[in-house]
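As a basis for the values below, the full set of heavy atoms in this structure was taken, side chains included, without hydrogen atoms, waters or symmetry mates. For clarity, every value in this text was computed on a predicted model and none was experimentally measured.
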Amino acid sequence: MTNQEFLRAPKTPLNDAQMEAVNHTFGPALVLAGAGSGKTRVITTRAARLVTEGHASPDSVLCVTFTNKAANEMRQRISSILDVSADAMWVSTFHAACLRILKSEHAHAGYERMPVIFDATDQKSLVKGILKEMGVPDTDFPYRKVMGVISRFKNEMKGPEEMAGDIYLRGAKILSQAYYQYQERLKSNNAVDFDDLLTLCISIFENRDDVLEAYRARFKFIMVDEFQDTNSAQYRFIKLLTGAEGNLFAVGDDDQSIYRWRGAKVGNIFDFERDFRGTRVILLEENYRSAGNILNAAGSVVREIGGRKEKKLWTKQKAGDPVTLYVADDGMDEAHFVAYEIMSAAKKGAAYGDFAVFYRTNAQSRTIEEAFTSWKIPYRVYGGLKFYERKEIKDVLSWLRLAVNENDDLSFRRAISSPPRGVGATSLAKLASYAASRRVSLLSAARAEDNGIGASAKKELLNFAAVVSHIGEMAGASNASALIKYAVENTGYLNFLEEKKTAQDVARAENLMELASAAEDDAAIGDFLDRITLASESDLVEEGMGTVSIMTLHVSKGLEFPVVFMVGMEDGLLPHKNSMDKIEEMNEERRLCYVGMTRAMRKLYLSRALNRNLFGSWNRGVPSIFLSSIPDDVLEKKKSVNVGRTHTQGFSRNSRW
DNA sequence: TAATCTTGAGTTTTT
DNA sequence: CTCAAGATTA
């Protein structure tokens, strides 16, 4: 999983259960791998073994995971075990695998040219635009909900018709219209969204036996990581690809299922044995990561959930330090406690990279960051605003996307006003209705002589179209990085930033340079665009960076750190207030808590505050119900020592308490 | 058309 | 409190 584990791995022999899993060759297997039980090692060793023992050629193995980071790490580890190249092996995320399939098979899904991928931001503006046009009040149909419903139906392979007929769905009729429109818009932009990558592959497989057979013949062995997080579409995709021999090897842990709200079906783990007769179930129960007390405390939190696959995680490690529960006066005090503990350890020689701070909501990061800044502790926030979702990045990329795909009206709208060039809402509306009536893209409408736009805006539009065309012509000849540099300068975007010269704009200009260097490895701009829309922030987490890592509990999954702080252990935060009245959601919060705790190797700190400022008003902090699950003998309680107060010169700013 | 003010909403987000 | 989106004004 991490470098530490990787370096340690070759020295430790596999345990019996790991050995059984690695040596499993034919037929279906379900490996229930507890936190820190070496599941990545099992998958990679097995993949390598299938090849070295001659059961499979590299190109007949497909390994799917959820994050690029996990995929990259897996590939690296497999090739380091193998003496032959593992390049031919498909080790990737679900989405990247589907993208790759679609690149050859898109015609079977009704796409003449390979569609581009619209990311979350694009989806958002598409949905918002549709709702606005439909004149639906956003109080009744907030775009977030609408997007969620559409995604849910897609992942169940249900179209707008089925949505309209869903009697349990409030506002089904309107929602299904929005859904229909949404798909239409994607199609006319020659675009697909993340969900489509999967669902299109599924429908190709279901409608074209010959295509399905070809892929089945190729992928003799399929492995799935983090199986508990697969949604219906992903499971269906896997079931389709798994041929008659059923060489499907799934690894997962129902206790670490934290994406139910996104459509993940823990039930897939329970259905597995039914769907694949004769499944061999293997339990990995020995934990190699955490000290005894930490494992004990974490296990107690999740033990209260009903209907789990019962596993008893154990470790040979010593009990170690007790889990420390710090009761702070308020959020500031809590943050300064964390900073103080890290600072003291650092003075004794600990590396900042050994520490991580987890919280339930992004809003909690601010307080921690402020404390770290005042103590001069280097930190890095993971998650939050993604690099590729920053305004300046999306602005420049919109030019490139438009140049690559002239039907991309969404990118047109963004590019035309970045930087602003005297084409505003009125001209755009005219242009849009012209384009709609002739069924052409906005870009070709901009080039049209008879589009009825006023003279000055028309001139701007023609200039704009000329620059786009030029970028498009260059796209074939120059590499991605050079093209980005060209676009940054020739669209006037860099000038626009440099003229303003505020600190933010300087930072933005720097980000654009970073964008160009991020593209250096990609030859074609199209590949670069695909790669970054499928990239995520957690891909960037690296250890030994010499900085403290701070992130949400969700982002922490799959990582490990010697010392972990979990802040905000209060009812309303963890468990989150919106999840407290439904038992299933409450269980998911429990699992989330468990995931966070089991990231810790040596030392785990939990903290809560007696008073917490939320959205500008003070609330009394009620201890998290999860704390009451943890046995007293592994817990060491600490009262506030107000370490922050002395540091920040007295009861400054926010402290009324 | 673009900058500035006001209002309102705020869980998590692998791709 | 803080940020983003919409409304208003220059």
Check: Gly148(A) main-chain N/O paired with Ser151(A) side-chain donor or acceptor under 3.5 Å: no
Contacts of Ser417(A) and Thr230(A) projected onto DNA chain B by closest heavy atom; the upstream (5') one is Ser417(A)
Here the distance between atom P of dT14(B) and atom CZ of Arg591(A), to the nearest Å, is 19 Å
Rounded to whole Å, the CG-P distance (Asp119(A) to dT14(B)) equals 12 Å
Residue pairs meeting ring pair (Phe, Tyr, Trp, His ring centres under 6.0 Å), one or both in residues 571-590 of chain A, sequence neighbours left out, come to none
Does any donor-acceptor pair link the side chain of Arg144(A) with the base of dT13(B) at a separation under 3.5 Å? yes
In terms of heavy-atom contacts, Gly596(A) and Val564(A) come closest through O-CG1, 4.2 Å
(request) Compare side-chain N and O positions of Asn362(A) against OP1 and OP2 of dT12(B) and report whether any pair is under 4.0 Å apart. (result) yes
Protein and nucleotides 5-10 of chain C: nitrogen or oxygen contacts under 3.5 angstrom:
residue	atom	partner	partner atom	Å
dA5(C)	OP1	Lys124(A)	NZ	2.9

Does dT14(B) have its OP1 or OP2 closer than 4.0 Å to a side-chain nitrogen or oxygen of Thr65(A)? no
Residues of residues 261-269 of chain A with a heavy atom under 4.0 Å from any atom of DNA chain B, listed by number, are Trp261(A), Arg262(A)
ask   = Any side-chain N or O of Ser579(A) under 4.0 Å from OP1/OP2 of dT12(B)?
value = no
